[in-house]
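See below for the structure under consideration.
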Amino acid sequence: MRTRTLPFITILAAMLRLRPSTALVRSSVLELAILTGHLLLYPTGVVQERPPPRRALPALPATGDTPNALDTPDTPGMPALHESVETAQAGHLPVLLLHGFIDNRSVFVLLRRSLRRHGWKQVESLNYSPLTCDIRTAAQLLGRHVEAICARTGQQRVDVVGHSLGGLIARYYVQRMGGDVRVRVLVTLGTPHGGTRAASLLAAHPLVRQMRPGSDVVTELAGPAPDCATQFISFWSDLDQLMVPVECARIDHPDLSVRNVRVTGVGHLALPVHWEVAAGIRQALTTEETPEDASGAASVA
């Protein structure tokens, strides 16, 4: 009797191990719903976003009371006076949103709305071409866009939020192209910092190959990065099916100021739209962290 029962118990135990958890089922259903909604919104984000128009110049003091610095016309290449005043009044640095692989700015519809509702006046998105074949090329485009934002707003630095591949592009710009002088905080959502083995399924595309473990880009980013001035906040999920293993979305680098935030019960597509993740992003963009704080971890959802 016992010898016949043992195989049954073994098979039952294997079936229980294979059965998806309730959290995974719930996450998968949410991912499917988000994917459906995103496919409907996708056409609205295909065209590159236009820069916001310049606003009217605010009233200045009388000429006799105006400091000498305000008497001179704007220097070419320098921010206009009214832009600097407007940005200072906003209370937050400009935020630039960068999408993931074969995606566009429409993925940030809800996050953008959340940031604007909570006081961010300058939130922009950047589309990089789906024909891009090198993360370095996309990082150069990001750098030009950051410079344009700084010139237009009068700010010396910006904050960047990158989803998936977008986070890797932004990190390359910050860490390998001197972008840390412009980017104060880089928030990444489900970004394969250590390379994801799931990328092997689409290895025909050059960008996907650069997201695999041991790729040239991943190797470069693992190299020394002394005096990097940017703060890194990495949101990674325990149910992110595109990050294999899920911990590859963490940043583990001895030279960087990093805080890794674990998100529970949320899939890859849900990261840019989940309300608790949005709250965590807003907190990350408003909290000044010391190096001791940045080395820790947190949990969301």
N/O donor-acceptor pair under 3.5 Å between H253 side chain and G223 backbone | yes
Side chain to side chain donor-acceptor pair (under 3.5 Å) with S114: which residues, sequence neighbours excluded?
-> R282
Is R259 reaching over with its side chain to a backbone N or O of S234, donor-acceptor style, under 3.5 angstrom?
-> no
Distance, nearest 0.5 Å, that separates CG of L93 from CD1 of I149 = 11.0 Å
With sequence neighbours left out, what residues match H268 under side chain to side chain donor-acceptor pair (under 3.5 Å)?
-> S164, D240
Run through V273, I281, V277, V95 and flag the one making a side-chain contact (heavy atoms from CB on, under 4.5 Å) with L111.
-> I281
Would you name the heavy atoms of A249 and M243 that are closest together and state the gap between them?
-> CB-CG, 4.0 Å
Would you check if L165 and I135 make a side-chain contact, meaning some heavy-atom pair closer than 4.5 Å?
-> yes
For residues 166-174, tabulate all N or O donor-acceptor pairs below 3.5 Å that involve a side-chain atom, not counting sequence neighbours.
unit_1, atom_1, unit_2, atom_2, d
R171, NE, Q175, OE1, 2.8
R171, NH1, H193, ND1, 3.2
R171, NH2, Q175, OE1, 3.3
R171, NH2, L221, O, 3.1
Y172, OH, R136, NE, 3.2
Y172, OH, E220, OE1, 2.8
Y172, OH, E220, OE2, 3.3

Can you list every pair that meets salt bridge (Lys or Arg N to Asp or Glu O under 4.0 Å) and has a residue in residues 153-169, with sequence neighbours left out?
-> D159-R184
Would you confirm whether S237, through its side chain, and G190, through its main-chain N or O, come within 3.5 Å as a donor-acceptor pair?
-> no
Residues 187-209 vs salt bridge (Lys or Arg N to Asp or Glu O under 4.0 Å), sequence neighbours excluded, gives none
All salt bridge (charged side-chain N to carboxylate O under 4.0 Å, His left out) counterparts of D238, not counting sequence neighbours | R262
